[in-house]
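This report refers to the structure that appears directly beneath it.
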There are 2 protein chains.
Amino acid sequence: MTTIKDIARIAGVSVATVSRVINESGYVNTDTRKKVEEAIKLMNYSPNEVARSLYKKKSKLIGLLLPDITNPFFPQLARGVEDRLQEHGYRLIFGNSDENEDKELDYIRTFVQNNVIGVISSTNFPDSDTYLNLNIPIVFLDRTSNESPSVYADGREGGRIAAQEIIARGSKHITILQGPAHIKPAQDRFQGAVEVFEELGMTYHVIQTSSFSYIEAGYWAKILFEQHLETDGVIASNDIVATAVLQEAHRLGKSVPQDVQIIGYDDIPLSSLLSPSLSTIRQPAYDMGREAGGLLIKLIEQDKVDEKIIQLPVSFVERETTRRK
Amino acid sequence: MTTIKDIARIAGVSVATVSRVINESGYVNTDTRKKVEEAIKLMNYSPNEVARSLYKKKSKLIGLLLPDITNPFFPQLARGVEDRLQEHGYRLIFGNSDENEDKELDYIRTFVQNNVIGVISSTNFPDSDTYLNLNIPIVFLDRTSNESPSVYADGREGGRIAAQEIIARGSKHITILQGPAHIKPAQDRFQGAVEVFEELGMTYHVIQTSSFSYIEAGYWAKILFEQHLETDGVIASNDIVATAVLQEAHRLGKSVPQDVQIIGYDDIPLSSLLSPSLSTIRQPAYDMGREAGGLLIKLIEQDKVDEKIIQLPVSFVERETTRRK
DNA sequence: TCTCCATGTGTAACCGGTTACATTCGTTAC
DNA sequence: GTAACGAATGTAACCGGTTACACATGGAGA
């Protein structure tokens, strides 16, 4: 591998001068600069980031921790983060936590060991020591914690909207699928929906689900209609579960949205391709990722950041699993 | 941050001894080891990987380059890779290439700058200088190139199976959706299907699509039925497009699979949740990722590796968008 | 003429680890 | 008695950059 010494030798200067050229710092004579640049081009040299990082105690790497990239909501977050950071020359070290605190801790440790300059995390444990003791900027994504920098969409409001819309469209026997208990945003949206029913004094049913996995989604859908066959409106905990409910409704000969209305959550890309296409509460996942990236960059590059907590709007996307008002 | 010097001071030994304890190398007296270990625990010390990496010219990082994590086929690959590597203490630097050679080059460069010890890449340009000149192990994933280490599923065979199955199930007017021209695996599966038709002397139609994006998928589905309304069998280039075709068929009042049979490709998780659920050619994406990770580890840790090219089987997953034989 | 400062460049310390080599001590073998 | 070797430990060079500091030069201002 070509090193700065090689370049220095070829250009007939010292390593300090080469470094100055690379970093555009300090004084360098125009002719000298030219010689160095030629040597760099000749050898196709690019500086070793590891050496840089060691001295500066800062790399160009950022740690990204997501629960599970296999859940189609998260790739969009990841993509948003990456696109934003890439524009500023930062790169990602990536890990899936599986909502598991130990795995998270392990990843965070290796992030730190690799001198990452910041972390973006969708964690269920934002208040753990791991994060409190972290002395690099951290942004919570799709999660919040007190005054910590975070980017998220208003889950409670999303839940409220889902309930309001499905009620306004005439469902009387509504079942809410409550997402996994340990996942904060899932509980927020559930609470939001429940609130609306309580406020209106309406009854509703709840099916508690314990994971967001594809395999189990079908199971919950079955349970739902087994326990509450009269259900004519379903507020699903996310679009995957909603898709499973849609399938189960078909299987039972119920037509959607005439017999049963369904509202999903997230607006994953496939929602619009289902038949009937899925009405859902949209979270602007890609933008959330971008915002998180942007916020982290600010935290890294600036002393003061005013808006450390960014809440993005959720919205009802009316498609074909709900009736017209 | 705590450094090895701090530990040495606290334990009353030299840095060399601490290093020996950490790495379990050389001779260390049992009592000394105990003192050092206590100091490490006391300070919650973990060694700086950057410094290590600089001296050793090797990190614990591996570069992973995928076209677009937003396409649901790739998260599974990524997950497989990560899970496998994680077991061996390796971490991922991740990037999306968007099938763009410049972006790829840029990522590969920063991988190298960060002393990654290996690269896994789904590239359309395996024979470019970028990869030829790379002097660290590289595994091509979902792609092949000559004798280079690679893990993939047999696209041609997948295409053949799709054609055979849909023909065997009675479709007469079959339209093949040909995936983007620059994506090798898409062309392989297309060629495989075409082969079968040629061998049987059957006619078929082709719609050439130019991307795998969600947004355009609906467009291609529309085009398909506009140009070939008589189509009673569709071999889609992947499951997303197949989903769009399914939707369009419904919209046109065609029932699936009675009027039109549809076969997808990939077997992304959502396929089984569609209604009707999607018959498709399954690629074992997660396993492909795991295998790629395993192969790379072998290449890194062993001198000789016998099986450098791993081909995984594709299979027909019979669901509800095809009729019974 | 002398001082001061901007310009230009090199030397060497430093970042936090790893490891080659030197040194010391105790035991064993001849 | 001493040569040889294993065990235990420390010193310092090294990895490839960055940068503080020293030093040289030349022109402007007093």
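Each chain gets a letter, A, B and so on, in the order its sequence line appears, and its residues count up from 1.
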Problem - SB check B/D106 A/R91 (cutoff 4.0 Å) - result: yes
Problem - Salt-bridge contact B/E37-B/K34 (side-chain N to carboxylate O under 4.0 Å) - result: no
Practice task
Nearest 0.5 Å please: distance from the CD1 atom of B/I138 over to the CZ atom of B/F111.
Solution key: 9.5 Å
Rounded to the nearest angstrom, tell me the gap between atom [atom1] in [X] and atom [atom2] in [N].
X: A/L54; N: D/dG17; atom1: CG; atom2: P; value: 12 Å
X: B/K34; N: D/dA8; atom1: NZ; atom2: P; value: 13 Å
X: B/R9; N: D/dT9; atom1: CZ; atom2: P; value: 19 Å
X: A/R52; N: D/dC15; atom1: CZ; atom2: P; value: 19 Å
X: A/E49; N: D/dG16; atom1: CD; atom2: P; value: 15 Å
X: B/Y55; N: D/dG16; atom1: OH; atom2: C1'; value: 13 Å
X: A/K58; N: C/dG16; atom1: NZ; atom2: P; value: 14 Å
X: A/K5; N: D/dT18; atom1: NZ; atom2: P; value: 13 Å

Please write out the pairs of protein N or O atoms and N or O atoms of nucleotides 9-11 of chain C separated by less than 3.5 Å, giving the distance to one decimal.
from, atom 1, to, atom 2, distance (Å)
C/dT9, OP1, A/T32, OG1, 2.6
C/dT9, OP2, A/N29, N, 2.7
C/dT9, OP2, A/T32, OG1, 3.1
C/dG10, OP2, A/S14, N, 2.9
C/dG10, OP2, A/S14, OG, 3.0
C/dG10, OP2, A/T17, OG1, 2.7
C/dG10, N7, A/R20, NH2, 3.4
C/dG10, O6, A/R20, NH2, 2.5

Exercise for the section: Tell me, please, whether A/Y27 has A/R20 positioned over its six-membered ring: NZ or CZ under 6.0 Å from the ring centre and within 45 degrees of its axis? Expected result: no
Handout entry: Between B/S122 and B/D142, a side-chain donor and acceptor under 3.5 Å
Key = no
Practice task
Under the salt bridge (charged side-chain N to carboxylate O under 4.0 Å, His left out) rule, what do B/D31 and B/K35 come out as? Steps first, then yes or no, please.
Solution key: CA-CA 6 Å; B/D31 292 345; B/K35 276 191 292 179; over 6 Å; no
Handout entry: Among C/dG17, D/dC15, D/dG17, the nucleotide that comes nearest once only the side chain of B/N48 is considered
Key = C/dG17
Exercise for the section: Please state whether the phosphate of C/dT18, meaning OP1 or OP2, lies under 4.0 angstrom from any side-chain nitrogen or oxygen of B/K57. Expected result: no
Exercise for the section: Name the nucleic acid region contacted by B/T3, choosing base, sugar-phosphate or nothing; use a 4.0 angstrom heavy-atom cut-off, strictly under. Expected result: sugar-phosphate
Practice task
Side-chain contact test, heavy atoms from C-beta onward, threshold under 4.5 Å: evaluate it for A/N48 versus B/N115 and give yes or no.
Solution key: yes
